[in-house]
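What follows is a single structure, written as structure tokens, with notes after it.
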Amino acid sequence: MTRGCFITLEGGDGAGKTLQTARLCAALEASGIETLSTREPGGSPGAEEIRHLLVSGPVERWDPLTEAMLHAAARHDHMLRTIEPALGRGLWVVSDRFVDSMIVYQGHGQGADLALLERLTALSLKDFRPDLTVVLDIPVSEGLRRAGGRGGGSRYERMDTGFHERVREGFLARARADGERYAVVDATPNLESVSRAILEIVAARLPVSFNG
Ligand SMILES: Nc1ncnc2c1ncn2[C@@H]1O[C@H](COP(=O)(O)OP(=O)(O)O)[C@@H](O)[C@H]1O
Ligand SMILES: [Mg+2]
């Protein structure tokens, strides 16, 4: 059994990650690849319980390093219980957010030490990393406007504009530093155009082709 590929979609709030994760999974399925769609924080029963601690409640609820450790604990469970077993069975896995969100939100956004976050990543994931990470890039005001339209603002969506600007720059900096694993897609055009751009990248980098 050939191991599946692991793709993550990253980017700020309202960039379209959740919708594009579903569209990418549908396109992969249509081309004959069995897929698993998942998300962070969450993606396994234990990690979904931790998610609740992270996305609800007051903005100042956690110290950034405490918060990062909660994310890392959730991710360890998600990787062990959900992602690894699926990849081992040959499924392709698409995750709506993964480790880059922790490094960028808690590091660039909230000021946790980036070297400590890399150590936390090494501890929780060892050398497990996505095969491809697509960063959906959108101006902060447009992302928050879209997310606002969705209603029920999460704890992260309630953080200030400076935080969201640092998050956007953090994702772009990580993508610039490793062009092999990352690709940046302009998330401002309509849903269909963004989907097409994502599929082009996936087909160029991974062993799949999409018809039509
Ligand atoms: N390309 C797009 N053009 C217009 N609206 C979009 C686009 N992508 C997403 N949206 C809308 O923006 C909101 C946030 O999308 P969502 O997929 O939930 O973003 P994220 O998961 O990145 O926060 C939703 O209401 C969605 O319908
Ligand atoms: Mg989402």
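The first residue of the sequence shown is numbered 1, and numbering continues consecutively from there. Order of appearance sets the numbers: ligands from 1, and atoms from 1 within every ligand.
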In one Ile/Leu/Val/Met/Phe/Trp/Tyr side-chain cluster, 4.5 Å: Val99, Phe6: yes
Note: Arg205-Glu180 ion pair, threshold 4.0 Å (strictly below): no
Residue from Leu36, Leu28, Val202 passing side chain to side chain contact (heavy atoms under 4.5 Å, CB included) with Val94: Leu28
Any protein N or O within less than 3.5 Å of an N or O in ligand 1? List each pair with its distance, or say none.
unit_1: ligand 1; atom_1: 1 (N); unit_2: Pro189; atom_2: O; d: 2.8
unit_1: ligand 1; atom_1: 1 (N); unit_2: Leu191; atom_2: N; d: 3.2
unit_1: ligand 1; atom_1: 3 (N); unit_2: Arg146; atom_2: NH2; d: 3.3
unit_1: ligand 1; atom_1: 8 (N); unit_2: Arg146; atom_2: NH1; d: 3.4
unit_1: ligand 1; atom_1: 17 (O); unit_2: Thr18; atom_2: N; d: 3.3
unit_1: ligand 1; atom_1: 17 (O); unit_2: Leu19; atom_2: N; d: 3.0
unit_1: ligand 1; atom_1: 18 (O); unit_2: Arg150; atom_2: NH1; d: 2.7
unit_1: ligand 1; atom_1: 19 (O); unit_2: Gly16; atom_2: N; d: 3.1
unit_1: ligand 1; atom_1: 21 (O); unit_2: Thr18; atom_2: N; d: 3.0
unit_1: ligand 1; atom_1: 21 (O); unit_2: Thr18; atom_2: OG1; d: 2.8
unit_1: ligand 1; atom_1: 22 (O); unit_2: Ala15; atom_2: N; d: 3.2
unit_1: ligand 1; atom_1: 22 (O); unit_2: Gly16; atom_2: N; d: 2.9
unit_1: ligand 1; atom_1: 22 (O); unit_2: Lys17; atom_2: N; d: 2.8
unit_1: ligand 1; atom_1: 22 (O); unit_2: Lys17; atom_2: NZ; d: 2.6
unit_1: ligand 1; atom_1: 23 (O); unit_2: Gly14; atom_2: N; d: 2.8
unit_1: ligand 1; atom_1: 23 (O); unit_2: Arg150; atom_2: NH1; d: 2.7

Cationic tip of Arg174 above Tyr182 ring, under 6.0 Å, 45° of axis: no
Glu40 with Arg75: basic N within carboxylate O range, under 4.0 Å: yes
Arg129/Asp178 salt bridge by N-O under 4.0 Å criterion: no
Residue and atom names of protein N/O/S atoms that fall under 2.8 Å from the Mg ion (ligand 2): Thr18 OG1
Pair Asp13 + Arg97: basic N to acidic O under 4.0 Å: yes
Under-4.0 Å salt bridge between Glu142 and Arg146: yes
Electrostatic pair Glu84-Arg3, nearest N-O below 4.0 angstrom: yes
